[in-house]
There are 2 protein chains.
Amino acid sequence: MASVGIKDVAARAGVSVATVSRVLNAHASVSPAARERVLAAVDALGYRPNTLARSLRTDQTRTLGLVISDVLNPYFTELARSVEEEARALGYSIIFGNADERPELQDHHIRTLLDRRIDGLLVSPADGGSPLVLDAARAGTPMVFVDRWIPGLDVPVVRADGRAAVRDLVAHLHGLGHRRLAIIAGPAATTTGSERVAAFRDALAEYGLPLPDAYIGQGDFQAGSGRRATERFLALPEPPEVVFAADNLMALGALDAIRARGLRIPHDIALAAFDDIPWFVHTDPPVTAIAQPTGELGRAAVRALTDLIEGRTPESVTLPARLVARSSCGEHTTTGATRRSDA
Amino acid sequence: MASVGIKDVAARAGVSVATVSRVLNAHASVSPAARERVLAAVDALGYRPNTLARSLRTDQTRTLGLVISDVLNPYFTELARSVEEEARALGYSIIFGNADERPELQDHHIRTLLDRRIDGLLVSPADGGSPLVLDAARAGTPMVFVDRWIPGLDVPVVRADGRAAVRDLVAHLHGLGHRRLAIIAGPAATTTGSERVAAFRDALAEYGLPLPDAYIGQGDFQAGSGRRATERFLALPEPPEVVFAADNLMALGALDAIRARGLRIPHDIALAAFDDIPWFVHTDPPVTAIAQPTGELGRAAVRALTDLIEGRTPESVTLPARLVARSSCGEHTTTGATRRSDA
DNA sequence: ATCCCTCGTGTAATCGATTCCACGAGGAGG
DNA sequence: CCTCCTCGTGGAATCGATTACACGAGGGAT
C-alpha cells in the first residue's frame with residue numbers, strides 16, 4: 001500500500017534523502033560509492049519519484065498542454081501525434097484537451113490544464129479570443145498558437161499558409177471550366193475560418209469571378225454543418241458547379257449531402273477540400289485537397305513552445321500548403337494510375 | 001508573478017488557511033459570514049487551488065489515464081472522445097497516451113501515467129502482457145481493459161463481442177457466392193488480433209469452408225501491414241475472392257494495394273472490415289463493415305473504472321457488434337441509393 | 001605545523017494545500 | 001449561576017520531494 005518514498009531509499013542505502021535526491025537529479029558532489037548504493041536501493045525497491053511532490057517544489061511539471069479543436073478530425077489527430085512525438089523527444093509529456101469546436105469546452109480544458117500547472121500551452125483556438133486565453137497570455141503563461149490563432153497577442157503562431165495553394169486550386173478549377181464556385185466556411189471567429197474564405201475570394205477575383213453570399217456556406221468545421229450547407233447550395237435556383245469545403249469533415253458532410261441527392265461527383269458537382277487525409281485517396285471519387293505539412297507544424301509548434309519555456313525567443317513559423325489534385329473536380333492531373341470507372 | 005495561494009486568500013478574508021480550505025471543500029462548520037468573505041476573496045484574487053499540492057496531500061488526482069493503441073485510428077479516437085466525455089461528467093479528467101501499437105511506447109505511457117499518480121487506468125493493451133501492466137494490476141492499481149484485454153488477470157473488461165457479427169458477415173459473403181475468403185489479422189499477442197481470426201475460422205467452418213494459412217495475413221492493425229498482406233494475397237496463384245481486414249486501417253491499406261494493382265472492388269475482389277467509420281460510406285465502393293458500439297464502450301469503461309476507484313465492484317461488460325452491409329462485397333442489401341458507377 | 005579550500009554529506013526549510021486537534025465563546029439544561 | 005456540549009476557528013503536522021546552508025574531514029600551500 002504505502003508506496004516507497006525517497007526516505008525508504010535513503011534508509012536502505014544508508015544515506016540521507018538529500019544524497020538520494022542529488023543522485024537522482026545528477027547533481028554535483030556525490031561519491032561514487034554512495035551513488036552506487038543509492039542506485040542499488042532505487043532498483044531493489046522499485047522506487048519512482050513522486051512527480052506531484054517534485055513539481056510542487058520545483059514549480060515545473062515538464063508537461064505541455066495541447067488543446068485541439070476536434071479529436072474526430074484526422075487533421076488534428078495527426079497534429080496531436082506529431083506534437084506528442086516531438087515533445088517526448090524533448091523530455092516533455094503532453095496532456096490533451098479536446099475542444100470539440102466548442103469555446104466553453106475549450107475553456108474548460110484550458111482551465112484544467114492551467115490548474116495542473118503545465119509548463120506551457122499549445123492552442124488552436126476555437127474562437128476569436130476567450131477571456132481565459134487572453135488572460136493566460138497576458139499573465140505570461142508560455143503559449144504558442146498552432147493552426148489557428150488570435151490576432152493582437154504577442155504569442156508565436158505556427159501555421160500553414162494556404163493562400164498560394166488556394167490560388168492553385170482556383171486555377172485548377174478554372175482550367176477545368178468551372179465558373180460558379182462555392183465555399184463552405186469555418187466559423188468566422190477562427191482565423192482559419194475567415195482566412196480561407198478571403199484567400200478563396202481573392203483567388204476568384206484574379207479570374208474575375210464573384211463570390212456571392214449565397215455561395216458562402218456557414219459551417220463549423222464539423223460534418224453536420226458541411227451537409228447542411230451543401231443541401232442549401234443544391235437547393236439554389238442556380239447551384240454552384242464546385243463546392244470547396246474549408247476542412248475535411250465538412251467535405252465528408254458535403255459528400256453525404258451530394259450522395260443523398262443522388263448526384264455524382266464530378267459529373268454533377270465538383271468537390272474540393274482543405275486538409276488532405278489518407279481517406280481522400282479512396283473516396284468515390286478521390287477528393288482534390290489542399291495538404292498541410294501537418295507533422296512539421298506539430299514539431300515546429302513544440303519547439304517554439306519549449307524555446308519559450310526555456311527562455312529562448314522563438315519566431316512564428318509559416319509553412320506552405322500545397323494542392324493535391326485528384327479527380328473530384330474533373331479530369332485529374334496527377335501522374336497516378338489512370339483508372340476510370342467507366343473505362 | 002507569485003501566483004496567489006491559499007494564504008493570500010486567507011489574509012484577504014481575515015481568516016486562517018484552514019477555514020479557506022473548509023469553504024472550498026464544502027466541509028462542515030463554517031459560519032455564513034466567513035464563507036462569504038472567503039468566497040469574495042477567492043473571487044477578487046482569482047484564486048485557483050494548486051492541484052499538485054492538493055493531490056500530494058489527499059493522495060488522489062481525480063484523473064484517469066487512457067492508453068489507446070493508435071490515435072490515427074478513428075475507432076480509438078471515437079473511443080477516446082466518449083471516454084473523456086463520460087469522465088468529465090463524473091468529475092474526472094483524462095490523460096491520454098498513444099501507444100502507436102508499440103508495446104514499448106505503451107509501457108512508456110503507462111509509466112508516465114503511474115508517475116503522475118492517476119487514480120485509475122484504462123488500457124487497450126498493445127501486447128499480450130507487459131510486465132508493467134501485470135505488476136500494476138497486481139499492485140492494485142484500479143484498472144479496466146477496454147476493447148482488448150490480457151487474459152488471466154482479475155481486471156474488468158469492457159469490449160464488444162464480434163462473433164455473431166462475423167458469423168453474419170460470413171453468411172452474407174457465402175450468400176453472395178464467395179468461397180475463398182482471406183483475413184488480415186491483427187497481432188496474435190492482442191486478444192482482438194487472435195479472436196477475430198478465430199471467429200472468422202469458426203464461421204467459415206459452419207459453411208464447410210477452410211481457412212488456409214496462405215489466407216491469413218499477419219497485420220499489426222496499421223495501414224502499411226494491410227497493404228503488404230493484401231499484396232501477398234494478390235500474388236497468390238489462387239488469390240482469395242474476399243479480404244476481411246480485422247480493423248479499419250488495414251482495410252485502408254488493402255484499398256491502397258488493390259487500387260495499385262488496378263483491380264476493382266467488388267468485381268475483382270471483395271473487401272470487408274472490422275470497425276465501421278464514417279468514411280466507409282464514401283469510399284469507392286462503400287465498405288461493408290462490422291460496427292462496434294464505440295461510444296457505449298467508452299462510457300461503460302469509465303463507469304467501471306470509477307466504480308473500482310470509489311470502492312464499488314464493477315462487472316465486465318460485453319456489448320454486441322453488428323454487421324453493416326454495403327456494396328464492397330457485391331450486390332448490397334441496404335436500403336440506400338441504388339447508384340452504380342456503370343449504370 | 002598551520003591555515004584554508006574543496007568535497008561529500010546531512011539537517012532542516014520549503015512548495016501549497018488538507019486535516020487533526022485544541023481552544024474559546026455562547027447556548028441549553030440543571 | 002454553574003456546567004457541559006456544540007460550533008466555529010486557528011495552529012501546526014503532513015504529503016514527498018528539492019535545495020540552501022552548515023559542517024567535518026582531508027589535502028595542498030606556506
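Chain identifiers are assigned alphabetically (A, B, ...) following the order of the sequence lines, protein sequences preceding nucleic acid strands; residue numbering begins at 1 within each chain. The basis for the numbers below is simple: all heavy atoms, side chains too, and nothing from hydrogens, waters or symmetry mates.
Comparing B:R57 and B:A18 against DNA chain D, the residue whose closest nucleotide sits nearer the 5' end is B:A18. Annotation: of the two residues near DNA chain D, B:R117 and B:A33, the 5′-most nearest-nucleotide partner is B:A33.
For A:D59 and C:dA17, the CG to P distance is 12 Å, given to the nearest whole Å. Atom NZ in B:K7 sits roughly 12 Å away from atom C1' in D:dA12 (whole-Å rounding). Atom CD of A:E36 is separated from atom P of C:dG8 by 15 Å (rounded to the nearest Å). Residue B:L52 contributes atom CG, which lies 13 Å from atom P of C:dT18 at whole-angstrom precision. Atom OH in A:Y47 sits about 6 Å away from atom P in D:dT18, given to the nearest Å. Note: CG (A:L24) to C1' (D:dT19) measures 14 Å, nearest angstrom. A:D115 places its CG atom 11 Å from the P atom of C:dA17, with the value rounded to the nearest Å. Counting to the nearest Å, the C1' atom of C:dT14 and the CD1 atom of A:I6 are 14 Å from each other.
Within 4.0 Å (heavy atoms only), B:S29 reaches at least one base atom of the nucleic acid. Note on A:N25: only backbone sugar-phosphate atoms sit closer than 4.0 angstrom, heavy atoms only; bases stay farther off.
Using a 4.5 Å heavy-atom threshold, the side chains of B:Q292 and B:D147 count as touching.
Here the rule is side chain to side chain contact (heavy atoms under 4.5 Å, CB included) with A:L122, and of A:L64, A:L113, A:V83 only A:V83 fits it.
Dashed line: the shortest gap from a side-chain N or O of B:T51 to OP1 or OP2 of C:dA17 is not under 4.0 Å. Put simply, A:N50 has no side-chain N or O that comes within less than 4.0 Å of OP1 or OP2 on D:dC15. Taking only side-chain nitrogens and oxygens, B:R54 comes nearer than 4.0 Å to OP1 or OP2 of C:dT18. The side chain of B:T19 places an N or O atom within less than 4.0 Å of a non-bridging phosphate oxygen (OP1 or OP2) of D:dG10.
A distance of 7.5 Å separates CG of B:L90 from CD of B:E310, quoted to the nearest 0.5 Å.
With D:dC15, C:dT18, D:dG8 as the choices, the nucleotide that has an atom nearest any side-chain atom of B:L56 turns out to be D:dC15. If you check C:dT18, D:dT18, C:dT11 against the side chain of A:S16, the one that comes closest is C:dT11. Picking from D:dG8, C:dT19, D:dT18 the nucleotide with the shortest atom distance to the side chain of B:S31 gives D:dG8. Distance from the side chain of A:S21 is smallest to D:dT18 among D:dT18, C:dA17, C:dG10.
Side-chain polar atoms of A:D127 and A:Q106 form a donor-acceptor pair below 3.5 angstrom. Side-chain contact of B:Q222 with B:D70: a donor-acceptor pair under 3.5 Å is present, judged by distance alone.
Atom CG of B:D135 is surrounded by more than 12 heavy atoms from other residues, nucleotides or ligands within 6.0 Å.
No N or O donor and acceptor, one from the side chain of B:R35 and one from the base of D:dG8, sit under 3.5 Å apart. In the interface, the side chain of B:R22 is paired with the base of D:dG10 through a donor and an acceptor atom under 3.5 Å apart.
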